[in-house]
Each structure stands twice: as C-alpha cells, then as structure tokens.
Amino acid sequence: MMRSMLFVPGNSAGMLLNADVHGADGLILDLEDAVAPGEKDAARRLVQGAVQTLGFPGATLIIRINPLGTPYVEEDIARMVPLKPHLLMPTKVASAEDVTAISTLVAQAEQKTGLPQNTVGLIPLLETAQGIEHALEIARSDPRVKALFLGAEDLSSDLQAVRSKEGAEIAYARGRIVMAARAAGIDVYDTPFTDVNDDDGLQQDAALARALGFTGKAAISPRHVAGINAAFTPSPGEISYAREVLAVIEEGERLGKGAVSLRGKMIDKPIVDRARKVLQTAVLLGLERGAL
Amino acid sequence: MSKLFPSLEDALRHCGLRDGMTLSFHHHLRNGDGVLNIALAEAARLGIRDLTLQASSLFDVHAPLIDHIKSGVVTGIETNYMSSGIGRAISRGVLKKPVRFRSHGGRADAIDSGRVQIDIAVIAAPAADCMGNANGLHGPAACGSLGYAMPDALHAKHVIVVTDHIVPYPLMPASIEEITVDCVVQVPSIGDPKGIVSGTTQITRDPVALAISRMAAQVIQHSGLLKEGFSFQTGAGGASLAVTQYLRPLMRQLQITGSFGLGGITGYLVDMLQEGYFRTLMDVQCFDLKAVESIRDNPLHQQISATRYASPSAKSTAVNSLDVVVLGATEIDTHFNVNVHTDSNGQIMGGSGGHSDTAAGAKLSMIVAPLFRARLPIVVDQVLCNSTPGHTVDVLVTQRGIAVNPLRADLNQALRDARLPVYPIEELKQMAQRITGTPHTARPRGRVVAEVEYRDGSLLDTIRAVD
C-alpha cells in the first residue's frame, strides 16, 4: 500500500542517494521525462547502481520507463527488469494492446534473467485522452497490472485544456480512472501537485484525491511527501469510529440482531466495509495493532 | 567633558599603542565589519609591529589582515572562529606563531580571569554617546546584542569605542558602559550593513536537511526534555534552524511554553517568542534584522554577555541551564568527537564559537549532519581536529539514522522505545562507506599552525599546515 510515490530523476546521483529518506511509501525512479535523450543510458546505469547499492528497503520500488514507439523502451525494460522493481511504470499507455506489448517485453526480460513470470508488476501511466477512455480495459488487460496512475500534465495538453490548481479540467479523468481501477479491483494513484511552494494547495489537492477514492498520490518534490502521507493516513477520529462500528456489528451479531445502529445512524454493509478498510490501512501503517 | 577624539590615530596614541601589544575586537558586525580593518591599517601606518589580535571571530571581510601578517604588523592571533578565506592563509602557514583558538565561553573566561591580557579593546559600536556608552540597537550598522564585547570592555587596559552614529548623552540602554571607556571616535562608517545581518533568516529548502531536522525534532520529542520550561539553542544554518520548524507544532500539541531560547538569535526564534512558544530570549548575538528589532523593542528579549552565556568559571551560565542544543559538524568520529575547525582536507574553515560550550552545558547536545558530504562520510575513525570532546556530545542525527553516545544509555533506550532508527555510530559510518567507499584520509603533516584550547584552558588539539 502506498500513500505517496516520490518521483526521483534517474540521472541525478545526489537525489537517488537520498531518495528513501523523505518518508515516501513508493519511489518512482524516472528514466522518462526527467532524463534528456542524450542521458538515457547514463541514467539507466545510475539507477542500476542506486538499486544495487542502496536497495531502498521499506519502499515500493517503481521505475518509470519511456513510452512504446521510442527507441528507449526495449532497452529500459531489458536493463530494469533484472533489478526486480516491484513495478514498472509504462508511460503514455493508451490501450490494452499497449499493456500487452509491454508485458511481453517484461516477460522476455524475466525469462532471460531467470526470474519467475510476473515478478515485475505494472502501473500504467494514463496521460492521454485515449488512455483515460480505455482505462477499464487497461486495468483488466494483464495480471501484471497492479494499479493505474493518472498523469494530468500530458493529459491536459492532449485535451487542449488549461491546467489549473483546482483541477476542474481533470475532474472527469479522475472519476473515470478511479472507477476503472476499482471495477478491476486494483489500486489507483493521483497525479502530482506541481507547485512545490504551495503547501496549502497540496493539502487541498491531496484531500480531494483521497475523497475521490484514490489509493495515494504522486509527489514531484520531497517537500510534498509528508503532506500526502498525512492526507492518506486515517485520522485518530476515523480509526476510533471504525473500531466502534465493528464493535457494534459484533455485538449485533452476538445478539442476533438483523440491523444495528450507532449514535442513531443505521450501520449497513458499506459502512462496515469502509470501517474494515480504515482499520486495515491503520494496521498496515502501524497505527493499529491487529491482524490484516 | 567629552571622550571624543578627532581620529582613531589620536585615540590609539592616547591609549599608548606600541609594538607587541594585544588589540581586541568583537565580531558582531560579522562579514560587514569595517573597524578591525581600519584599526590595523592605522597601526600599520603608524609603523607598529608585532601586534597580537584578540578577535572573537574573523570573517573574510578581514582579508587585509593577511597582508598585515606578511608585513609583521600582526604576529599573533587568538580567536574563536575563522572563516575559510582567512583560514586558508593560516593553514598554508602565513603566520609563524600558531593561532590560538578558543570557544566563546573559553575566551570570556580567559579575559575575565586575566589569562588573556588585552591592552586596547577597539569596540565597534553601532550607536554611542560622547562618553562611550554604546549599544548595537541603533544607527545604520545596528547589529543588536554586543554580548561578545562585554568582557573586553570590562578587562582591557584601555577601551576605544568606534562609532558612526553619535547620539546625545546618555545613550540608553548601554551595552558598553562609560565607566570602562577611554576614548570615543567617530568614523564615517563602521561597516556594511549588508554583511552584518541578513534581512531574514530563511529556513533551508534542502529536502535532505529537512529530513534530518524532522528526525532531530523527534529525538527532542522523545528525550523527555520537551516539557513546560523547555530551553533551546540552535544554529542559524542548514538543518539546525529547520529543527525549530518541526518543534513548533510539537510544542503546540503539548501546550508547553519554553523558558528561553538562547544564543545567536534569528527571526524564527523571535516569532516563537512573539507567539508565546518561549517566555524569553537570551541573546549573545543577533543574526538578522528581525532579531535586532526584537532586542530593541521587546523587553523579554535581552542581551547577555559572553561570560553569562558560557564562561566555564562563572558561578552559573545560560548554557548550564540549557536543555537542548542543536549543532553542526564537518566531521564526527566514532568516539563522538566533533570537528568544526577544519574541512575534510584539514584546512581551517571555522571554529568552535559556542559549540563546545553548549555541548558541555546542555542536557542534550545533538549534532545534525548529512551522512555524507561531497562523497565523503561524515562519520570517521578519528576527526582531523577535535573541536568538541565526544564525552559532551549525546547524539548524532543524520538522514539515515541516529547514533547515541554509549554514555547515554537512557537516551538510547528512550529513542529505541519510540521506534526511531537508532544505530551504533560504527554502523552509520559503514552505511555511508557502503555508498561512498572508504576514503583515504589526507591528514596534514606540516608544522602546527593553530592550537585548539578547550573552554577550561587545556589544549584540546592542534591543527597542522596544509601543503
């Protein structure tokens, strides 16, 4: 489970060295946009060195690769899969066929490296109108697909929309990608907030993403990690309410009651499911003891 | 009666300036100071030689000093800090006699006790009256506190106040009192305000420094010291100042009010005073304009002398009432000895200032530093210069973990109980070396160019010339 995923340029030794000290649950080592065409190979080598030396224990390791149709993608996959990242992030994914093509290359790299099939998962980056419209088929296209990720900057450009902090132009895309991911039973991550100096704006954006159903959110600056983690961490009040809900349900079952209520409000299945999810997250984050 | 002299030359002559004397200066004007340069130029013009400079700190603005050394005007230096431009020249052996480094508290004690004799104290004063009452609160070069000049004024055989802002008698309040002053000299300018204090001290935006300071705040939180009456000192740079950013919400959450903030005071501590996080500020030096305005206008923000700040022989001092101090380091060794005098090549680029004083006095002395700097691990087997003895350092906080001095088993346990990432310091060293490799230490082997005196007067270490 990742609340935050921090982008780290694959060509910056200094940032790679300290990538895992900022408290991000996931790290996206970037070979795509952050790296100029002439530096792709150097970045692959740096990322290899960083992963082999530092390992980044405790973080979900994601490597963002270049899109299909570029001269870099095959080499990216061939060189990155042996590092056994938890996830590869293919970019500008527009269809299920794109995922299949990537997955085939990953499978070949796994076989060549002697890794079991499906060692490396995928988190496709949907950042085109086509990608958003095909979100559900992408989410269901391959067992490697563990989550979807919304990229609002390229998407806004593709839509010919004006990118704003409030995000009205991506409201549909956010709803659509969450719907698709949840329908496919996988996680879904929100686009980063790009103003590194606007802490209040970040908090609002992260709170909105959580309210919309996103699992977590990406960060382009280490400064944003703590705010995102806070937004996606259940509050003490939420945890306490969830505990009460489950206690009331247990008591109802013990007494053989068909319907139960808490503080005058009916407790139905969706409320119970949400309470279980809150407690499950709290346990994962070490905020609550108990079995998952 | 007036003590106003028409020129610094007249005042120096009146005080009997001659070869072999010791002249003292304070560093409240920092890298904007003009007075040390004016005074040495005057001495050189008068043909004076063999002076010993007793300066509380030296900055690169004092670079003309190097020529005065070469020409024999200055043959001895005693100071608490030296920035890298001057330090480079000293490390290359420009001065025959070793520099004597002290701490701020050690210098005050040496002067108060008579171990150091000052013939003439030349005190730069942002505001003064004709009888020598002086302070740092007014005038174009206002710098706030004059705490480091106070022992000099009290004990020097002669005192000259140099100002560019004469006010009608009596100036109030007086940091330097007329009872100690022989001469007052008005000059066009005592310094460049741009180099004296910064407009506002900004907290670092470096994410690694912020990660370190976040962890440092957690160490304070779980040290048992963060309670009503908490007292605190931190430096103005890097991760040190940023610790306050994370302390503030913790103090708010615990609903505690600190007793005092100490030391070099920044606008950030002034904000905390104004917002009620601390009851008072004890200020030996102001770092920015906000601090200068506050010490002038807020009676709860008071100037203290270097003696009251940190003298080891005083009956009590502020550092001995201090709960937590956050300090930097260029190196720390596996025995927790800290180097703040030299860089990793052994070249002088700093000094103790109040480092060893606060480390000795505070209940929790914490070093914050990145695990490696420019490909070199911060933790080494043996520091190139021992500035602060390891037995006075409680904990090292880096971005990848915390090391607690084995002498502090209680703190070690408390931090482990709080599930903070505590490692033996050897392991932090190895962690860094896994990334950087094991560097070859270039230990300078030239003649001794500086001696580091501990605050109690004993010799702590020596610094050798760099080729």
Side-chain angles (χ1 to χ4, degrees), chain A residues 4-9 12-25 27-28 34 46-59 192 195-200 202-203 218-230 233 235-237 283-289, chain B residues 202-219 221 238-239 242-243 245-250 253 368-379 396-403 416-423 427-428 430-439:
Chain A
S4 54
M5 305 188 297
L6 174 63
F7 273 103
V8 185
S12 168
M15 294 178 82
L16 284 167
L17 271 177
N18 288 300
D20 58 339
V21 305
H22 307 293
D25 295 332
L27 298 174
I28 306 170
L46 260 181
V47 167
Q48 273 177 320
V51 173
Q52 284 164 353
T53 308
L54 300 166
F56 303 119
D195 186 343
V196 293
N197 295 317
D198 184 359
D199 293 343
D200 292 341
L202 169 78
Q203 279 177 17
I220 53 161
S221 164
R223 285 167 51 87
H224 283 175
V225 169
I228 292 174
N229 283 351
T233 300
S235 68
V283 170
L284 277 170
L285 296 174
L287 302 171
E288 186 78 1
R289 285 184 189 162
Chain B
Q202 298 289 339
I203 285 193
T204 180
R205 300 180 66 79
D206 171 14
V208 175
L210 290 172
I212 295 168
S213 45
R214 197 162 44 236
M215 204 180 307
Q218 289 178 305
V219 170
Q221 179 185 5
V243 175
Q245 173 177 281
Y246 297 105
L247 263 185
R248 199 192 280 238
L250 288 174
Q253 192 184 332
V368 292
L371 193 60
F372 35 79
R373 249 192 216 115
R375 296 177 290 121
L376 291 173
I378 195 86
V379 184
L396 165 68
V397 180
T398 74
Q399 74 272 38
R400 290 195 174 274
I402 298 160
R416 284 179 187 279
D417 289 348
R419 297 164 70 184
L420 292 178
V422 179
Y423 303 95
E427 203 169 321
L428 282 185
Q430 286 158 9
M431 211 184 277
Q433 288 185 349
R434 273 198 294 276
I435 295 167
T436 62
T438 307

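Each chain gets a letter, A, B and so on, in the order its sequence line appears, and its residues count up from 1.
- Looking at every heavy atom in both residues, B:R400 comes nearest to A:N18 through NH2-CA, 3.9 Å.
- Note on A:P222, A:G286, A:S221: by heavy-atom pairs under 4.5 Å with chain B, the leading option is A:P222.
- Heavy-atom pairs under 4.5 Å with chain B were tallied for A:V196, A:V225, A:T53, A:D20; the largest tally goes to A:D20.
- With a threshold of 4.5 angstrom between heavy atoms, A:L54 approaches chain B through side-chain atoms but not through N, CA, C or O.
- B:R214 and A:V21 get closest at one heavy-atom pair: NH2-O, 4.3 Å.
- B:R375 does not touch chain A: none of its heavy atoms, backbone or side chain, sits under 4.5 Å away.
- Pairing each heavy atom of A:H22 with each of B:A211, the nearest pair is ND1-CB, 4.3 Å.
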